[in-house]
Amino acid sequence: METTPSGGRPRGRGNVFLAFVPWIAFDVVAGPSTWELAALVGLVAQVVLTVPDVAHGSVKLLDVTGIVFFTVIALLGLVLDRHDLIWLETYAQVLANAVIAGVALGSLAFVPFTEQYARESTPREIWGTPAFRRTNRVLTLVWGLVFAVTAVLGLIALRVAAGTDWLNWVIPVALLVLAVRFTEWYPARVHERVHRDGAARGV
C-alpha cells in the first residue's frame, strides 16, 4: 500500500480527489439550459462531502469555496431574469474552473489546500518538515494549473467552431487523469527519497 512522505498510511488520501467531485459534476451537467441544475447538483454534492468534515471539526478551504460558489450560482438563477443570465449561462463552466484554480493557486501564499488533506494521514510532527511542505506545494500547484488550463480551454472553445469536444472534454479529462496519477506517484517518490537520504546519513 502506498505511503506518505512521512511514512504514514494514507488513510485520507482519497479525500483530495473527492474534493473535486462537486466541481467535476458541475462541469459535466452545466450547459446553456442545465447550468441551474448543475449548480444544485454541485451544491448537494458539496454539502454531502462537507458534513463529515464538519463532524470532525476539519472544514477545508475547498468545502467553503464550493458551498459559497454553488449557493451564489443557484441564487442568481432564482433572482435574475433570463436576459441577465445569458452571460452566466455562457461562462458557467469557465467560471467554475477559474474559481477553483484561483483558490488552489492562491492557497500557495498561505497553506496549500492539499496540505489540509495530507495532515489527516500524516503524524503531526511531520507537518513542519521541508519534505511535507514541498510535496504539498507541488501537488497544489499541479491541481491549480490543471483547472486554470481547463478554464482557458473552455474559453477558447466558446470562440471556435470546431474541436470543442477536445477543448471541453478530451483534454481536460486527460489532464485530470494525469493529475490524479501524479498525486498518487509524487508523495511516494518523495517518501522514498527521504528514507534513502536518511539511510545514507545513517539516520
Side-chain angles (χ1 to χ4, degrees), residues 13-50 60-78 80-108 112-114 117 138-187:
R13 175 63 58 81
N15 290 342
V16 70
F17 305 138
L18 289 177
F20 295 112
V21 168
W23 301 90
I24 294 172
F26 179 85
D27 274 351
V28 170
V29 178
S33 61
T34 60
W35 65 270
E36 292 166 295
L37 174 62
L40 180 60
V41 170
L43 179 58
V44 171
Q46 187 64 73
V47 169
V48 169
L49 291 175
T50 302
K60 300 176 179 65
L61 177 62
L62 290 188
D63 294 337
V64 176
T65 301
I67 289 176
V68 171
F69 177 82
F70 297 123
T71 298
V72 169
I73 296 297
L75 289 176
L76 288 176
L78 293 175
L80 297 180
D81 60 38
R82 197 68 182 174
H83 177 74
D84 293 331
L85 289 173
I86 293 177
W87 184 90
L88 189 56
E89 288 183 354
T90 303
Y91 293 98
Q93 290 166 301
V94 173
L95 182 61
N97 288 312
V99 167
I100 195 65
V103 169
L105 295 175
S107 72
L108 290 171
F113 84 89
T114 60
Y117 300 92
V138 170
L139 294 179
T140 295
L141 177 62
V142 167
W143 280 105
L145 290 177
V146 164
F147 279 91
V149 171
T150 300
V152 172
L153 292 175
L155 195 60
I156 295 173
L158 293 172
R159 288 163 168 72
V160 298
T164 56
D165 285 344
W166 280 88
L167 295 170
N168 283 324
W169 300 108
V170 178
I171 298 177
V173 169
L175 290 174
L176 283 173
V177 171
L178 289 174
V180 168
R181 294 297 179 88
F182 183 80
T183 302
E184 294 173 339
W185 170 82
Y186 184 70

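In this text the structure is predicted, and so the values were computed from the model without any measurement.
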Taken to the nearest 0.5 Å, the spacing of Leu40 CG from Ile73 CD1 works out to 13.0 Å
Residues Glu36 and Gly77: closest non-hydrogen pair is OE2-O, 3.2 Å
* Dump the intermediate steps for side-chain contact (heavy atoms from CB on, under 4.5 Å) on Val72 and Leu75, then the final yes or no. => CA-CA 5 Å; Val72 169; Leu75 289 176; 5.8 Å; no
Could you pull out every donor-acceptor pair under 3.5 Å between side chains of residues 143-155 and any protein atom, sequence neighbours left out?
| residue | atom | partner | partner atom | Å |
| --- | --- | --- | --- | --- |
| Trp143 | NE1 | Thr183 | OG1 | 2.9 |
| Thr150 | OG1 | Val146 | O | 2.8 |

Residues at least two apart in sequence or cross-chain that pass side-chain hydrogen bond (donor to acceptor under 3.5 Å, both in side chains) with Thr65, listed by chain then number, are none
For Leu43 and Ile67, the nearest pair of non-hydrogen atoms, with its separation, is CD1-O, 4.0 Å
**Request:** Please assess Leu18 against Val21 for the test side-chain contact (heavy atoms from CB on, under 4.5 Å), listing each intermediate value before the final yes or no.
**Result:** CA-CA 5 Å; Leu18 289 177; Val21 168; 4.1 Å; yes
Distance col, row Thr114:OG1 vs Leu62:CG, nearest 0.5 angstrom, shows 9.5 Å
So CD of Glu184 and CZ of Phe17: to nearest 0.5 Å the spacing works out to 4.5 Å
Checklist entry - Can any side-chain N or O of Thr34 pair as donor or acceptor with the backbone N or O of Val29 at less than 3.5 Å? => result yes
Residue pairs meeting side-chain hydrogen bond (donor to acceptor under 3.5 Å, both in side chains), one or both in residues 94-104, sequence neighbours left out, come to Asp27-Asn97
Sequence neighbours excluded, the answer for ring-ring contact (aromatic ring centres under 6.0 Å, His included) partners of Trp23 is Phe69, Phe70
Sequence neighbours excluded, the answer for side-chain hydrogen bond (donor to acceptor under 3.5 Å, both in side chains) partners of Arg159 is Tyr91
CH2 of Trp35 to CG of Leu88, rounded to nearest 0.5 Å, is 4.0 Å
For Phe182, the ring-ring contact (aromatic ring centres under 6.0 Å, His included) test, sequence neighbours excluded, returns Trp185, Tyr186
Correct closest heavy-atom pair for Pro22 and Gly42 would be CB-O, 3.5 Å
CH2 of Trp87 to CG of Leu85, rounded to nearest 0.5 Å, is 11.0 Å
Side chain to side chain contact (heavy atoms under 4.5 Å, CB included) filter on Val170, not counting sequence neighbours, yields Trp166
Taken in chain and number order and not counting sequence neighbours, the residues that satisfy side chain to side chain contact (heavy atoms under 4.5 Å, CB included) with Ser107 are Leu61, Phe113, Thr140
Residues 96-108 vs salt bridge (Lys or Arg N to Asp or Glu O under 4.0 Å), sequence neighbours excluded, gives none
Leu178 meets the side chain to side chain contact (heavy atoms under 4.5 Å, CB included) criterion, sequence neighbours left out, with none
For Val142 and Ala179, the nearest pair of non-hydrogen atoms, with its separation, is CG1-CB, 4.3 Å
Sequence neighbours excluded, the answer for side chain to side chain contact (heavy atoms under 4.5 Å, CB included) partners of Asp165 is Trp169
